[in-house]
Amino acid sequence: MQTIFVQVKCELGQAYQVAQSLVDVEGVSEVFSISGPYDLLAKCYVDDGEDVGHFVNQRVQTLSGIRDTQTIIAFNAFS
């Protein structure tokens, strides 16, 4: 299982609607509102055999109200 974080920039006034849409996407674990150039941060789990690019392009970027994304691939989790 691959862990990725997707930073999401929303159309003005759309962050709450986009967050709710993201929560409903299979593979999205958590969605946070954040400060800075992006509005939301989505923590996602992608199966090892699944292409991260396809996941982001087909399941995230197609949601209404999203203007831009940036994907971060995590290597290790330290607890």
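This chain uses plain numbering: 1 for the first residue, then up along the sequence.
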J.: For E50, check salt bridge (Lys or Arg N to Asp or Glu O under 4.0 Å) against everything at least two apart and list the hits.
T.: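 Scan of E50 (salt bridge (Lys or Arg N to Asp or Glu O under 4.0 Å), adjacent residues dropped) gives R59.
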
J.: Shortest non-hydrogen contact from V28 to C44?
T.: CG2-SG, 3.9 Å

J.: If you group Ile, Leu, Val, Met, Phe, Trp and Tyr by side-chain heavy-atom gaps below 4.5 Å, do I73 and V46 land in one group?
T.: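 Yes, I73 connects to V46 through the hydrophobic network.
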
J.: Specify the closest pair of heavy atoms between L40 and A19, including all atoms of both residues, with the distance to one decimal.
T.: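 Reported closest heavy-atom pair: CD1-N, 3.7 Å.
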
J.: So D47 and F55, do their side chains get closer than 4.5 Å, heavy atoms only?
T.: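 No. Closest side-chain heavy atoms not under 4.5 Å.
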
J.: Which atom pair, heavy atoms only, marks the closest approach of A15 to D39?
T.: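 What the structure gives for the nearest pair is CB-CB, 4.5 Å.
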
J.: Out of curiosity, Q2 CD to D51 CG, how far, rounded to the nearest 0.5 Å?
T.: 8.5 Å

J.: Linking I/L/V/M/F/W/Y whenever any side-chain heavy atoms sit under 4.5 Å apart, do V18 and V25 land together?
T.: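 Shared cluster, yes.
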
J.: Using the rule given for side chain to side chain contact (heavy atoms under 4.5 Å, CB included), can you reason through Q70 versus Y38, listing the C-alpha separation, both sets of side-chain angles and the distance that settles it, and then say yes or no?
T.: CA-CA 9 Å; Q70 179 171 316; Y38 289 87; 3.4 Å; yes

J.: Show the nearest heavy-atom pair for residues T3 and K43, with the distance to one decimal.
T.: CG2-CE, 4.2 Å

J.: If I take atom OG from residue S64 and atom CD from residue Q14, how far apart are they, to the nearest 0.5 angstrom?
T.: 6.5 Å

J.: Would a hydrophobic clustering, with Ile, Leu, Val, Met, Phe, Trp and Tyr connected at side-chain separations under 4.5 Å, put V52 with F5?
T.: no

J.: Kindly indicate whether the side chain of I72, heavy atoms from C-beta on, has any atom under 4.5 Å from the side chain of I4.
T.: no

J.: Could you tell me which residues satisfy side-chain contact (heavy atoms from CB on, under 4.5 Å) with T69, sequence neighbours excluded, listed by chain and number?
T.: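 T69 satisfies side-chain contact (heavy atoms from CB on, under 4.5 Å) with V6, V8, V56, V60, Q61, I66 once adjacent residues are dropped.
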
J.: Look up atom OG in S21 and atom OH in Y16, then write down how far apart they are to the nearest 0.5 Å.
T.: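 One gets 14.5 Å once the value is rounded to the nearest 0.5 Å.
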
J.: I'd like to check the side chain to side chain donor-acceptor pair (under 3.5 Å) partners of K9; sequence neighbours left out, ordered by chain and number.
T.: none

